[in-house]
Amino acid sequence: MNSNTTRPPQRRRKNSAAGRKEKQSGIAIVTVLSVLLLMSVLVLAFFSAASSELENSRHYSSSLRTRQLTDIVTNMVIAQIRQATVPESRGNVRTTWVSQPGLITTFTNRGSTYEQLLASKYKLYSSSEMEAGRRDNLAGDFDEDWRDKPAQWVDLNAPSYSELEDQLYFPIFDPRAFQGEESTEGIEGFEYTEETSTGVTVDGVKISGGD
């Protein structure tokens, strides 16, 4: 009977020890999973921050490059204007200049015709050769389908419309001032054609009828 009375406590001690081991194992698993979850969150946060910084760096690099290109173009035009407008005098030959949108033309005081007086042409737009001689025709600098390439070409004389006044306003010149070659109502000396000096028809040019 003594052996029978002592066995049950031994089973309870074994059961309680096994339960403590299971609890410890469960706590260890939860701890490990928590640490792994925390590490995963930290890794994801790191990669997210790195991706965000990389994207910001790309945007900053693009904006900086755009600003540099803008400064290059501005400085190039300033240099062209300075070079074209500096008066030159070589003996009895002197030069002067005339400006128009996108171009500065220089003339000498020697000659009686336009071709004889013409000296050089300084471009104020993008070109592989920024200075042209008096015999060079600039009509080849533009594409015939320039109106279909708004990223490369722009109409400097594109008008703006005023709804309040119901009027069109042109930034450079109003083509309606030219009433036609046979009309006397337009501005004297102002005229234009649909073709260049080489006979190429320029797309988008409309001969105004005064409307």
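L33 has its side chain out of reach of L37: every pair of non-hydrogen atoms, C-beta onward, lies at least 4.5 Å apart. In this structure, P175 and N157 have side chains that are in contact, with non-hydrogen atoms separated by less than 4.5 Å.
V98 and L118 fall within a single hydrophobic cluster, where Ile, Leu, Val, Met, Phe, Trp and Tyr side chains are chained together by heavy-atom contacts under 4.5 Å. Each of M130 and L103 belongs to its own hydrophobic cluster when Ile, Leu, Val, Met, Phe, Trp and Tyr are linked at side-chain heavy-atom distances under 4.5 angstrom. I172 and W153 end up in the same hydrophobic cluster when Ile, Leu, Val, Met, Phe, Trp and Tyr side chains are linked at under 4.5 Å. Under a hydrophobic-cluster definition in which Ile, Leu, Val, Met, Phe, Trp and Tyr are linked whenever side-chain heavy atoms come within less than 4.5 Å, directly or via other members, L156 and W146 are assigned to the same cluster.
Going from atom CD of E129 over to atom CG of L138 covers 10.5 Å, rounded to the nearest 0.5 Å. Considering CG of L42 and CE of M39, their distance stands at 8.0 Å, rounded to 0.5 Å. The CZ atom of R135 sits 11.0 Å away from atom NZ of K121, with the distance rounded to the nearest 0.5 Å. Rounded to the nearest 0.5 angstrom, Q80 CD and T85 OG1 are separated by 10.5 Å. Taken to the nearest 0.5 Å, the CD1 atom of I81 stands 5.5 Å off from the CG atom of L124. To the nearest 0.5 angstrom, S120 atom OG is 9.5 Å from D136 atom CG.
Annotation for Q152: atom CD counts as buried by contact number, over 12 foreign heavy atoms lying within 6.0 Å. Within 6.0 Å of atom OH in Y161, more than 12 heavy atoms from other residues, nucleotides or ligands are found, so the atom counts as buried in its surroundings. A 6.0 Å sphere centred on CZ of F47 holds no more than 12 heavy atoms belonging to other residues, nucleotides or ligands.
Listed here is the closest heavy atom pair of P159 and P171: CA-CD, 4.4 Å. Closest of all the heavy-atom pairs between S162 and Y169 is CB-CE1, 3.9 Å. Scanning all heavy atoms of the two residues, the minimum distance from A132 to K123 falls at CB-CE, 4.2 Å. Here the closest non-hydrogen pair linking R134 and E115 is NH1-O, 3.5 Å.
Here the side chain of S62 pairs a donor or acceptor atom with the backbone of R58 at under 3.5 angstrom. Without hydrogens or angle criteria, S61 side chain to S57 main chain gives no donor-acceptor distance under 3.5 Å.
Sorted by first and then second residue, the side-chain hydrogen bond (donor to acceptor under 3.5 Å, both in side chains) pairs with a member in residues 67-78 form an empty list; sequence neighbours excluded. The list of side-chain hydrogen bond (donor to acceptor under 3.5 Å, both in side chains) pairs with a residue in residues 94-114, not counting sequence neighbours, reads S112-Q116.
The pair D143-K149 meets the salt-bridge criterion, with a side-chain N (NZ, NE, NH1 or NH2) lying under 4.0 Å from an Asp/Glu carboxylate O.
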